[in-house]
Protein chains: 2
Amino acid sequence: MAGSERGPRERMVFSAAQLIRRDGVAATGMREVAAHARAPRGSLQYYFPGGKEQLVNEAVGWAGRYAADRVGRFLAGLAEPAPSGLFAAMVGQWTDEFQTQGFGSGCPVAAATVDCADSAESTRAAAGAAFACWNAPLARALAELGVPEQRTGSLATLMISALEGAILIARAERDIRALTTVARELGPLLDGCVTERA
Amino acid sequence: MAGSERGPRERMVFSAAQLIRRDGVAATGMREVAAHARAPRGSLQYYFPGGKEQLVNEAVGWAGRYAADRVGRFLAGLAEPAPSGLFAAMVGQWTDEFQTQGFGSGCPVAAATVDCADSAESTRAAAGAAFACWNAPLARALAELGVPEQRTGSLATLMISALEGAILIARAERDIRALTTVARELGPLLDGCVTERA
DNA sequence: GTCCTAGTATGACAGCTGTCATAGAATCCG
DNA sequence: CGGATTCTATGACAGCTGTCATACTAGGAC
C-alpha cells in the first residue's frame, strides 16, 4: 500500500482513500488531501473540476478495484484451495493491518457509504459499484473452488458482509476478536458448499 | 421509533442518533440536533457540558441499548424458536425500514465507529460498548434456543457482523438484496448449531 | 523569437462548525 | 415577599470548510 512514484493526480486519489478510511468523508478536507499527497493545492481544482465529490468518488472506485484485485492474488496464493482459505486470507489482511498499524483505519467504501449514502447520490452510486466490483471476482473465485454457480454470488455477498461488519466491530473494540471469530465460524460453512472438484 | 413525550434532554439524544445514522457524526451539527429535537439551542451546553463528544457518546449508548432490547422482543415473538428465525427477525427490521422509509439511514453505531474510531477515543469506546451490549443478550438468546454455551458468543458476533455489513451494502446499492441474502445463507448454519432442545 | 497548453500558486469568499460568556426567564422553596 | 435553582436565549468568537477568480510559471511547437 505504498504510493509515491505515480503522478500527483493518482497520489491525491490514493491519499483521499487513506484519509477517508481513517476519518470519514466529512472530516477529510481537500487541503489535507493535497498536503498528505505532497501535491500542490492549486492542482486540486485542475484535476478534479467536479470538486470534492469527484475526488471522493474516484477514491472509492480505486478502493473497489483494489479489493477486487486482491481477491485474485489471494486465490492464486492459496496453500490448499478451499473457500475457507480464501476467506481466511481476506480476513488475515485486516488482522495483519490492525496488529501492525493499529486500528486507526477501516474500509474507505464503508466510510463513504455511511457518510454519503443520503447526501451525495453519485458517491452512494460509487460505493455500490465498488461493492459490486468486489463481489464479482470473489464469486468467480468461489466457482473456481468448486461452489455451484447459483450460490457463488450469494456466498460472496455473505463473505463481504461478514468481513465489513467484523472490521467495524474490531475497530470499535480495538480487538481483532470479531475478525478471527467470523473467519472461524464461517469457514466450515463455506467449505460445506463445495460440490465439485476443480 | 417515535420520541416526543420525553424531556428535551432525551429528545436531543434521540435526535442525535437519528441524524448521525443518516449523515454521519461529522456532518451532524449541534444546532441541527437541537432544531430536530425541537429543543432550545441554549440547553445544549447545559445538558451536555462535555460538548458534542458527550452528546454523540450518549446517542451511541442509546442505540446499543435499543438494539439489545429488541433482541429480547424478537426472541419472545418468534413463531417457532430457532436461531434462523431470530436472525431473520433482526434482518427483517432493516428490510422493513428500507422498504418503507428508504435507504437514507443506517446504523448509528457503525457511523460513530467509522467517523470517530481514530479521532475521539471516548466515542470509539462507546461504540465498542454498544456492540458488546448488543452481543450479550443475543448470545443469551442463542443459548435459550439450544446453542451450546461455548459457541453462543461467537455466533452472536457473526450475526451482528453479517447484519452490519449487509446494511452497508444495502444502503450503497439501494437494494435489500444483501440483507435477504445473508439471512438466507446464514440461517441454516445457525440452526445447524442447535444441539439441545430448550 | 511567439504562441499555446499543462500545471501551479495565492488569496479571497461566504458559510458553517463547536464553544464560550453572559444575560435572561421560569419555577419552586421557605 | 426574597432567593435559589433550573433552564433558556443570544451573540460573539476563532477556525475551518469547499469553491472560485485570478495570475503565474514551465515546457514544448513551430
Side-chain angles (χ1 to χ4, degrees), chain A residues 4-20 22-60 108 111-112 114-116 118-124 126, chain B residues 4-20 22-60 108 111-112 114-116 118-124 126:
Chain A
S4 48
E5 304 307 335
R6 288 159 294 202
R9 210 204 117 103
E10 267 186 281
R11 290 206 314 273
M12 285 194 271
V13 172
F14 178 79
S15 286
Q18 277 202 275
L19 295 174
I20 287 170
R22 192 185 65 188
D23 298 321
V25 172
T28 296
M30 311 225 73
R31 292 163 172 86
E32 191 187 0
V33 170
H36 183 274
R38 264 183 273 279
R41 162 165 107 77
S43 300
L44 273 171
Q45 68 177 296
Y46 180 77
Y47 290 119
F48 307 96
K52 184 177 186 176
E53 201 164 324
Q54 180 186 357
L55 175 58
V56 170
N57 295 354
E58 296 203 21
V60 169
V114 159
D115 280 351
C116 306
D118 194 54
S119 55
E121 168 58 21
S122 74
T123 303
R124 187 236 97 218
Chain B
S4 49
E5 303 307 336
R6 289 159 294 202
R9 209 204 118 105
E10 266 186 280
R11 289 207 313 273
M12 285 193 273
V13 172
F14 178 79
S15 287
Q18 277 202 273
L19 294 174
I20 287 169
R22 191 185 66 190
D23 299 321
V25 172
T28 297
M30 311 224 73
R31 292 165 172 85
E32 192 187 0
V33 170
H36 183 275
R38 263 184 274 278
R41 164 166 106 78
S43 300
L44 273 170
Q45 69 177 295
Y46 179 77
Y47 290 119
F48 307 97
K52 183 178 188 177
E53 199 164 324
Q54 180 186 356
L55 175 58
V56 171
N57 295 354
E58 295 203 20
V60 169
V114 160
D115 281 351
C116 306
D118 194 54
S119 55
E121 167 59 19
S122 74
T123 304
R124 188 234 95 221

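Just so we're on the same page: letters track the sequence lines, and every chain starts at 1.
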> How does each nucleotide of nucleotides 14-23 of chain C score, in 5' to 3' order, for protein heavy atoms under 4.0 Å: base (B), sugar-phosphate only (S), or none (-)?
Replying inline: ----BBBB--
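Rounding to the nearest 0.5 Å places CE of A:Met30 at 8.5 Å from CE of A:Met12. From A:Thr123, atom OG1 reaches atom CG of A:Asp115 across 10.0 Å, with rounding to the nearest 0.5 Å. If you take OG1 on B:Thr28 and CD on B:Gln18, they are separated by 11.0 Å, rounding to the nearest 0.5 Å. Atoms CZ and CZ, on B:Arg11 and B:Arg9 in that order, are 13.0 Å from each other to the nearest 0.5 Å. Here the CD atom belonging to B:Gln54 is positioned 12.0 Å from the CD atom belonging to B:Gln45, to the nearest 0.5 angstrom.
Listed here is the closest heavy atom pair of A:Ile20 and A:Ala59: CD1-CB, 4.3 Å.
Annotation: side-chain contact (heavy atoms from CB on, under 4.5 Å) contacts of A:Ser119 (sequence neighbours excluded): A:Cys116.
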I'd like a list of close polar pairs between nucleotides 3-7 of chain C and the protein, N/O only, cut-off under 3.5 Å.
from: C:dG7; atom 1: OP2; to: A:Tyr46; atom 2: OH; distance (Å): 2.8

